[in-house]
Structure formats: C-alpha cells, structure tokens
Number of protein chains: 2
Amino acid sequence: MSPPVAPSIAHEQHRLIHDIYVLLDDGDRRVLQKVNLSPLEFSVLQRLDTAQGRRLTDIGAELLCVKSTITRLVDRLEAHGLVRRTPDPDDRRAQRLLLTPRGLALRDEAVRLHDAAVERRMGLLDPAEQQQLRILLEKLRAGLSEDLEASN
Amino acid sequence: MSPPVAPSIAHEQHRLIHDIYVLLDDGDRRVLQKVNLSPLEFSVLQRLDTAQGRRLTDIGAELLCVKSTITRLVDRLEAHGLVRRTPDPDDRRAQRLLLTPRGLALRDEAVRLHDAAVERRMGLLDPAEQQQLRILLEKLRAGLSEDLEASN
DNA sequence: ACGCAATAGTTGCAGTTGCAAGCGATTATA
DNA sequence: TATAATCGCTTGCAACTGCAACTATTGCGT
C-alpha cells in the first residue's frame, strides 16, 4: 500500500524530458571523452570565439552555474592551452575569454564528433517530427526562461 | 572568423533539450531543497516502496549512475531514517531497499511539492501541445534507449 | 562437484561543483 | 565628491560523483 509514486500527466512529461536528458548526456560524455572534454567544458568552448571574447560571468549565467565553477573550469582549459584570459578594455574588474588557435581546432573537432552523434540520435525522429518537436520545445524553453526570471 | 559554433538542425534540437533540462533541473532543485532532497535522492525515493523493496544495482541502472553513487546516497538517506536496507531473501549478495514510514511521508510531501511545480511549468503548453510533445518524446526515448543498449 | 567468471555491494581516491567569504573595481547615493 | 552598495572574479571548504580495486556470493562450464 505504498507503491512507487503514481504519476500525474505533467509529471510524466517531466520524467520523459529527464530520461531523455540523461540518455543524451550519457551519449555526449562518451563522444566528448574522445577529445577529453566534459559536456560543460564543451558548452563553454561552444560559446567562445577568437576575436572579442566573452566575460566569465556571462557564460556562467547562460549555463546556470555559479561563477566559481567557471573560474576553475577556465583554469583547466587555460592550463591545456585551449583558452586565454585577457583584460576587458571596458571594465578593469572583468576578463575576456578567448579561444586559442589550439582551442579552436579542438572545438571544431569536438563539434564535428558531437554533431555526428547528435544527428544520428535525433535522426530517430523523421524531419516532420523534428520540426514539430522543435516548435514545442522552443515554446517551452521560452516559458521556462521567463519563469526563471520571475523567480529571481 | 571563428564565431561561436554554427548550429545544425539536429544540433539545435539537442541544444533545446539541454537548455530545458537545465531549466527544469534548476527549478527542481529549488523545490526539493524545501524538503532537503537532491534531485537524485528524490529519484531514488520515487522508485521505492515500503513492501518488497528494490535492489541497489537496479536503481543505479535506471538512473544511469554507478553503484558506488547509490551506495553512498543510500547511506545518507538511511542516516536520515528515510530508507532501510534489508537482506535479499533470494540472494545473499544483495540488499533490498525499503522506504521507512518517515521516508514515505517525506516522499509524499516531496511529490506533492514537485508535482505542483511541474504542473505549473508544463502548463506553459496547452493540453494538445502536451499530448503532442509526449508522443514525440516517448518515441525519442525509446529510440535512445535502444541506442544505448546497442552501444554496450 | 570444482573452479572460474560474473554479480551485488562497499571503500579509497581524485575530480568537479556549489556556497560563502574576500579583494579590487565600479556605480549609485547622499 | 565621499561613502556605500554592487559587480567581476577568485579561493577555501564541504559535498557529491565516477573509477578502480576489493570482498562475498552466485552461477556457469566441464
């Protein structure tokens, strides 16, 4: 008389997204391990360029993790010669984070591998379904973002 | 001449799911913090009952995390009096994990809070959209699960 | 029945993350 | 313009997780 929880409808959706995320994340880890990157490190590299750079805090905000996490993650990437910190010309408190040539090469390689894996896995849905899914997810994301704003 | 990555179509989908997961997870953490549970702990409690119990390894497999993680997570839950280990009658290597009355009460409270939050957030889509989304996600999950099996 | 591989679970260790406190720089306020 | 609040980032600390090694038990092949 106390089984695993009886799921509601919305709950089931949430559970689905959770499961899918776990599955995708697991796949991502396997792929990215080939270039020695964690999913979070990859996410950071994806957001960088070799020209203007980005501020650490901005990246942290996008990734919903605290500043210290970015600090240390960047320490690691910098130690591997993938990124470079430079002073922000407009604000002497801030740092701008740039991709090094080596970081750019590695990122491109990672993107190539990752995209292939993603392509294969998302190919489980046909194009029409992908399109549909995308519309729904975009709506959901927009709503959730607002919701987050509202709660801060 | 080296902007943040140029996204493919499938990649965009993947990114959407990732973003949504992060947003949902963030929301979950806030809610579950009220009952002092991490999302993973909550996931474990959700899978338990007060009668037959479940084996640690099975739970770990469902949650895609290694056994040692479950071991120590259960240590914590047990220290808080929420679960109880009992020997498995069929296999002397194994333990069966049960909810205690206190664990049951806390889980129900957590489910209540969590469901309300989920309901509110998934309510950002109307019922027809939710239905559509669910179908797509279920198909995707099934495919990804197979994919995972295949790679092991 | 015997030995050997596989399985359930635990433990040591190292790596990653969040939180809180701290430092310098900047912006707002009086 | 002086002072306070805020902001960008870093560091110390504690908590959580994965990996590899280990013990005890089970089951398979011969």
Side-chain angles (χ1 to χ4, degrees), chain A residues 21-22 25-33 36-45 47-48 52-80 82-98 152, chain B residues 21-22 25-33 36-45 47-48 52-80 82-98 152:
Chain A
Y21 173 77
V22 170
D25 186 63
D26 186 70
D28 286 353
R29 280 180 197 281
R30 292 165 190 254
V31 172
L32 293 173
Q33 203 159 13
N36 246 301
L37 291 174
S38 73
L40 189 56
E41 288 165 347
F42 181 59
S43 293
V44 170
L45 292 185
R47 285 168 169 75
L48 296 182
Q52 358 156 211
R54 307 253 345 241
R55 295 165 66 156
L56 302 199
T57 302
D58 293 345
I59 295 174
E62 276 186 26
L63 268 30
L64 288 188
C65 59
V66 300
K67 297 174 294 180
S68 61
T69 298
I70 301 297
T71 293
R72 280 178 285 223
L73 185 151
V74 168
D75 287 345
R76 296 195 296 273
L77 294 178
E78 198 168 30
H80 285 81
L82 303 176
V83 302
R84 192 161 49 87
R85 284 183 237 239
T86 59
D88 186 313
D90 303 330
D91 186 336
R92 278 194 297 172
R93 292 171 301 182
Q95 310 260 2
R96 294 205 155 261
L97 192 60
L98 297 172
N152 285 342
Chain B
Y21 172 77
V22 170
D25 185 64
D26 186 70
D28 286 353
R29 280 179 196 282
R30 291 164 190 255
V31 171
L32 294 172
Q33 204 159 15
N36 246 301
L37 291 174
S38 72
L40 189 56
E41 288 165 346
F42 180 59
S43 293
V44 170
L45 292 185
R47 285 166 169 76
L48 297 182
Q52 359 156 209
R54 307 259 340 248
R55 296 166 64 158
L56 302 199
T57 302
D58 293 346
I59 296 174
E62 277 186 26
L63 268 30
L64 288 188
C65 59
V66 300
K67 298 174 296 181
S68 61
T69 298
I70 301 296
T71 293
R72 281 179 282 226
L73 184 150
V74 168
D75 288 345
R76 297 196 296 273
L77 294 178
E78 199 169 29
H80 285 80
L82 303 176
V83 302
R84 192 160 49 85
R85 282 183 238 238
T86 59
D88 186 312
D90 303 330
D91 185 339
R92 279 195 295 173
R93 291 169 301 181
Q95 310 260 0
R96 293 206 156 262
L97 193 60
L98 297 172
N152 286 344

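Letters A, B, ... mirror the listed sequences (proteins, then strands); counts begin at 1.
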Using a strict heavy-atom distance below 4.0 Å, which residues from residues 82-89 of chain A are in contact with DNA chain D? R85(A)

Separation of atom CG in L63(A) from atom P in dG18(C), rounded to whole Å: 10 Å

Check whether any side-chain heavy atom of R54(A) lies under 4.5 Å from a side-chain heavy atom of E62(A), and answer yes or no. yes

Looking only at heavy atoms, what is the nearest atom pair of L32(B) and P39(B), with distance? CD1-CA, 3.7 Å

Non-hydrogen side-chain atoms of R96(A) and P89(A) separated by less than 4.5 Å: yes

Could you tell me how far apart R29(A) (CZ) and dT17(D) (P) are, to the nearest whole angstrom? 12 Å

Heavy atoms under 4.0 Å, any strand shown: does L40(A) hit a base, just sugar-phosphate, or nothing? sugar-phosphate

To the nearest angstrom, how far is L64(B) atom CG from dT17(D) atom C1'? 14 Å

What nucleotide, of dT17(C), dT10(D), dG9(C), holds the atom closest to the side chain of L56(A)? dT10(D)

Whether T71(B) contacts dT10(C) is assessed here as follows: a side-chain N or O lying under 4.0 Å from the phosphate OP1 or OP2. Is that the case? yes

Between P on dG15(C) and CG on D75(A), what's the gap in Å once rounded to a whole number? 14 Å

Send over the distance from L73(A) CG to dT10(D) C1', rounded to a whole Å. 14 Å

Under 4.5 Å between any side-chain heavy atoms of T69(A) and L63(A), yes or no? no

Please determine whether a side-chain nitrogen or oxygen atom of R76(A) lies at a distance below 4.0 Å from atom OP1 or OP2 of dT17(C). yes

Test side-chain contact (heavy atoms from CB on, under 4.5 Å) on L45(A) and V83(A); report intermediate values, then the result. CA-CA 8 Å; L45(A) 292 185; V83(A) 302; 3.8 Å; yes

Report the distance from atom CG of L97(B) to atom C1' of dG9(C), rounded to the nearest whole Å. 12 Å

So do the side chains of L56(A) and K67(A) get within less than 4.5 Å of each other, counting heavy atoms only? no

More than 12 foreign heavy atoms under 6.0 Å from CZ of R85(A): is that the case here? yes

State, to 0.1 Å, how close E41(B) and L37(B) come at their nearest heavy-atom pair, and which atoms those are. OE1-CA, 3.4 Å

Please report the distance, rounded to the nearest Å, between CG in D25(B) and P in dG18(C). 10 Å

Could you tell me how far apart I59(B) (CD1) and dT17(D) (C1') are, to the nearest whole angstrom? 17 Å

Between protein and nucleotides 20-28 of chain C, map the contacts as a letter string: B base, S sugar-phosphate only, - none, heavy atoms under 4.0 Å, written 5' to 3'. ----BBS--

Counting only heavy atoms not in N36(B), do more than 12 sit closer than 6.0 Å to its CG atom? no

